[in-house]
Amino acid sequence: MDSIRVMLADDNLNILRLLGDYLARKPDIEVVAAVSDGVEIPDAVRRHAPDILVMDIIMPRRDGFMTLEALNAMEAPLRPRVIVLTGLARDDFIMRAIQLGASYYMVKPFDMDLLYERIVEIARNDVPAVASAPAGQEETLDEQITNLFLTLGIPAHIKGYQYLREAVRMVMENHDVINRITKELYPGIARRFDTSASKVERAMRHAIEVAWTRGRLEAVNQMYGYRVFAREDKPTNGEFIAMVSDKLSVKQTA
């Protein structure tokens, strides 16, 4: 029986090394490629023709959801089965990954032996899509912000993503700072990232523009169960930060 060709994709080089070393010891597994940049995944899939792609959701330049969409655009014989291996445990993210074609969803921390078993099952038996997550795992604030931004379609590699995430943290720590956005919030973020307040403001505005252009607003509305964002009402930086902070604050106290 032919070996199962496995490709790994994760921006954490330690995880890539651990996975590669572990799977290389399995006689029925051939690790054909390992990449740490999301934008490289489709070309690497074409070059190496893996049977299984083990991939994180959080990747530089192109997140896992965008990668799944790119893989779906490929010719069917080239598309590998995908196992998502990530720290994001939201039900809506699991559902979205499965809807985009992922065969299995595992949440870090994970069991190496279980991952190997799933690789073999999916490659050999074409098992139905399922998800595995640690029971009772609580999301950190950073994970909640990341989940929301990725759902909106704000890519993690652009500067506005980092600035907006820092702004939400600052407002959740001290809500009054939203009323001093130009005098305190922008300058505070600029100091932390060694840039200027005007560049922070522009980068945030660009990130929001990207989100409204990508058309993923309905996914966020479904996440909260009611209309949070509307395409015809693109918010200002301050309105966006305030809305996100309010939604996350409500969730934390629920």
Side-chain angles (χ1 to χ4, degrees), residues 10-15 36-39 56-66 86-90 92-93 96 107-108 137-214 216-217 219-221 223-224 228-229 233-254:
D10 198 302
D11 64 339
N12 187 320
L13 298 182
N14 288 328
I15 288 181
S36 58
D37 190 326
V39 81
D56 196 356
I57 288 291
I58 303 298
M59 297 283 288
R61 296 204 285 173
R62 178 180 284 167
D63 64 45
F65 298 124
M66 296 171 68
T86 183
L88 304 176
R90 292 189 66 100
D92 50 305
F93 274 71
R96 184 173 173 196
V107 177
K108 301 173 184 175
Q137 180 168 306
E138 293 290 334
E139 283 185 308
T140 66
L141 176 60
D142 277 349
E143 287 171 340
Q144 292 177 44
I145 298 171
T146 296
N147 290 344
L148 178 56
F149 285 5
L150 284 178
T151 299
L152 272 172
I154 303 176
H157 70 276
I158 64 175
K159 291 180 179 179
Y161 172 98
Q162 302 294 336
Y163 300 161
L164 284 170
R165 188 167 67 173
E166 188 65 24
V168 171
R169 286 199 205 103
M170 290 174 66
V171 171
M172 291 190 71
E173 291 172 2
N174 177 12
H175 194 270
D176 287 342
V177 77
I178 196 64
N179 299 316
R180 302 186 294 274
I181 190 167
T182 57
K183 292 185 177 180
E184 188 171 334
L185 191 141
Y186 289 156
I189 294 172
R191 286 192 296 272
R192 296 182 192 190
F193 288 90
D194 192 25
T195 186
S196 67
S198 61
K199 288 182 179 179
V200 168
E201 187 274 336
R202 287 196 301 270
M204 286 182 177
R205 186 165 4 106
H206 170 67
I208 294 170
E209 182 69 38
V210 168
W212 257 248
T213 301
R214 288 192 171 186
R216 295 180 179 174
L217 306 184
V220 176
N221 294 337
M223 180 192 304
Y224 287 101
V228 179
F229 299 119
D233 296 322
K234 185 173 67 178
T236 65
N237 291 354
E239 288 170 342
F240 179 84
I241 294 164
M243 282 191 291
V244 171
S245 301
D246 286 345
K247 301 311 171 190
L248 294 178
S249 294
V250 168
K251 181 176 179 181
Q252 286 194 327
T253 57

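Residue indices begin at 1 and follow the sequence shown.
Taking 4.5 Å as the limit, every side-chain heavy atom of Val200 sits out of range of all side-chain heavy atoms of Phe193. Residues Asn174 and Arg180 form a side-chain contact, since some pair of their non-hydrogen atoms from C-beta on lies under 4.5 Å apart.
Between Glu201 and Arg205 there is a salt bridge, since at least one side-chain N of the basic residue sits less than 4.0 Å from a carboxylate O of the acidic one.
Of all the heavy atoms in Pro60 and Ser36, the pair that sits closest is CD-O, 3.4 Å. Heavy atoms only, all atoms of each residue included: His206 and Ile158 are closest at CD2-CD1, 4.2 Å. Nearest heavy atoms, Trp212 versus Pro235: CZ2-CD, 3.2 Å. Residues Lys199 and Thr195 approach most closely at CD-OG1, 3.4 Å, considering heavy atoms. The minimum heavy-atom distance between Ala190 and Ala197, with the atom names listed, is CB-N, 3.6 Å. A pairwise comparison of heavy atoms in Arg62 and Val39 identifies CB-N, 3.8 Å as the closest pair.
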Asn12 vs Asp56, side chain to side chain contact (heavy atoms under 4.5 Å, CB included): CA-CA, chis, key distance, verdict: CA-CA 9 Å; Asn12 187 320; Asp56 196 356; over 6 Å; no
Mind running side chain to side chain contact (heavy atoms under 4.5 Å, CB included) on Asp176 and Glu184 for me, showing each step along the way? CA-CA 10 Å; Asp176 287 342; Glu184 188 171 334; over 6 Å; no
Chi angles and distances behind the side chain to side chain contact (heavy atoms under 4.5 Å, CB included) call for Leu164, Ile208: CA-CA 9 Å; Leu164 284 170; Ile208 294 170; 4.2 Å; yes
Set out, in order, the CA-CA distance, both residues' side-chain angles and the distance that settles side chain to side chain contact (heavy atoms under 4.5 Å, CB included) for Met204 and Leu185, then state yes or no. CA-CA 12 Å; Met204 286 182 177; Leu185 191 141; 4.1 Å; yes
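Met243 contributes atom CE, which lies 10.5 Å from atom CD1 of Ile178 (distance to the nearest 0.5 angstrom). Distance check: Ile241 CD1 to Asp246 CG gives 12.0 Å after rounding to the nearest 0.5 Å. Atoms CG and CG, from Asp11 and Asp37 in turn, are 9.0 Å apart once rounded to the nearest 0.5 Å. Here OG of Ser196 is found 12.0 Å from OH of Tyr186. Values are rounded to the nearest 0.5 Å. Separation of atoms NZ (Lys234) and CD (Glu239) is listed at 11.5 Å; rounding is to 0.5 Å.
Checking Arg169, Gln162, Met170 one by one against Ile189, the side chain to side chain contact (heavy atoms under 4.5 Å, CB included) holds for a single residue, Met170.
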